[in-house]
Asks: 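The structure follows.
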Amino acid sequence: MAIIVNLDVIMAKRKKSAGDLATEIGITPANLSILKNNKAKAVRFSTLEELCRVLDCQPGDILEYVKDEDK
Amino acid sequence: MWNAKKSVLLSLIFTRIVMVLVVGVAVLAPKMVEAYLEYTSKGAEGFGLLLGTVYVCCVLALVALFSLDRLLTNIRMSHVFLEGNVRYLRRLSWCCFLAALVLLPAAFSAQGLFVVVVAAGFIGLILRVVKNVIEEAVILKSENDLTI
């Protein structure tokens, strides 16, 4: 996957638990787990907006592009 | 009150009844073929070929009915857009195509079977298109499920 979700890094920096974050941004813990484990195929702008608001960060702090060597 | 769940259950019951009927036809096939040949006064030379055709069609019908049974069971559990269901629809479609192919030689001696050959081929084609639609829906559902 070329886009890496660095949610666990920013969550550790902000000392936020997965359960609290899921409740605050209004998604299920299962969906947050999909996002954290880089299993998600897409992220809604509304979810990204909530993540940035709750974690007080920029989209670039959460998402990172890594060049895929196979492509 | 009649609802979708009861409708699926009814389809499932019909499928299982037809399964039993197909097994019954397979058991009684020699007598039925004999009676047919006697009725049409075609003689006993086509007995083996006709009996073989009936048996192959029974096997194809049972494979198709088993796939239909599994498909309906999944739908009953609200598991509609699954890779497994695409597989069952593909199998159903191929069973129809194969039945049309198997019945084609027999249709030359019993012209009425041409209707069955065309119907089986057409149903196979429709099922193939439905399979393609469900296949796309499975991809879309997976993308939708993984959109957070």
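So you know, we letter chains A, B, ... as the sequences are listed, proteins then strands, and number each from 1.
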Asks: Please say yes or no: joined through hydrophobic side-chain contacts below 4.5 Å, possibly via intermediate residues, are Tyr65(A) and Leu7(A) part of one cluster?
Replies: yes
Asks: Does anything in residues 122-143 of chain B get under 4.5 Å of chain A by heavy atoms, and if so which residues?
Replies: Ser142(B), Glu143(B)
Asks: Are Leu51(B) and Val56(B) in one and the same hydrophobic cluster, where Ile, Leu, Val, Met, Phe, Trp and Tyr link if side-chain heavy atoms are under 4.5 Å apart?
Replies: no
Asks: Should we count CZ of Phe14(B) as having more than 12 external heavy atoms under 6.0 Å?
Replies: no
Asks: Looking at Glu64(A), I want to see if its CD is surrounded by more than 12 non-hydrogen atoms of other residues, nucleotides or ligands under 6.0 Å.
Replies: yes
Asks: Check for me, please, whether Leu63(A) and Leu35(A) land in the same ILVMFWY cluster - side-chain distances under 4.5 Å, paths through other members count.
Replies: yes
Asks: Applying the 4.5 Å side-chain criterion to the ILVMFWY set and letting contacts propagate, would Phe81(B) and Leu68(B) be lumped into a single cluster?
Replies: yes
Asks: If the contact rule is any heavy atom under 4.5 Å from chain B, which residues of residues 10-27 of chain A qualify, in numerical order?
Replies: Ile27(A)
Asks: Kindly check if the number of other-residue, nucleotide or ligand heavy atoms within 6.0 Å of CD (Gln58(A)) is above 12?
Replies: no
Asks: Do Leu104(B) and Leu113(B) share a hydrophobic cluster (ILVMFWY, side-chain heavy atoms under 4.5 Å, transitive)?
Replies: yes
Asks: Measuring from atom CZ of Arg44(A) to atom OG1 of Thr147(B), what distance do you get when rounded to the nearest 0.5 angstrom?
Replies: 6.0 Å
Asks: To the nearest 0.5 Å, what is the distance between CG (Leu51(A)) and CD1 (Ile148(B))?
Replies: 10.5 Å
Asks: Report, as yes or no, whether the 6.0 Å neighbourhood of atom CZ on Phe45(A) holds more than 12 heavy atoms from other residues, nucleotides or ligands.
Replies: no
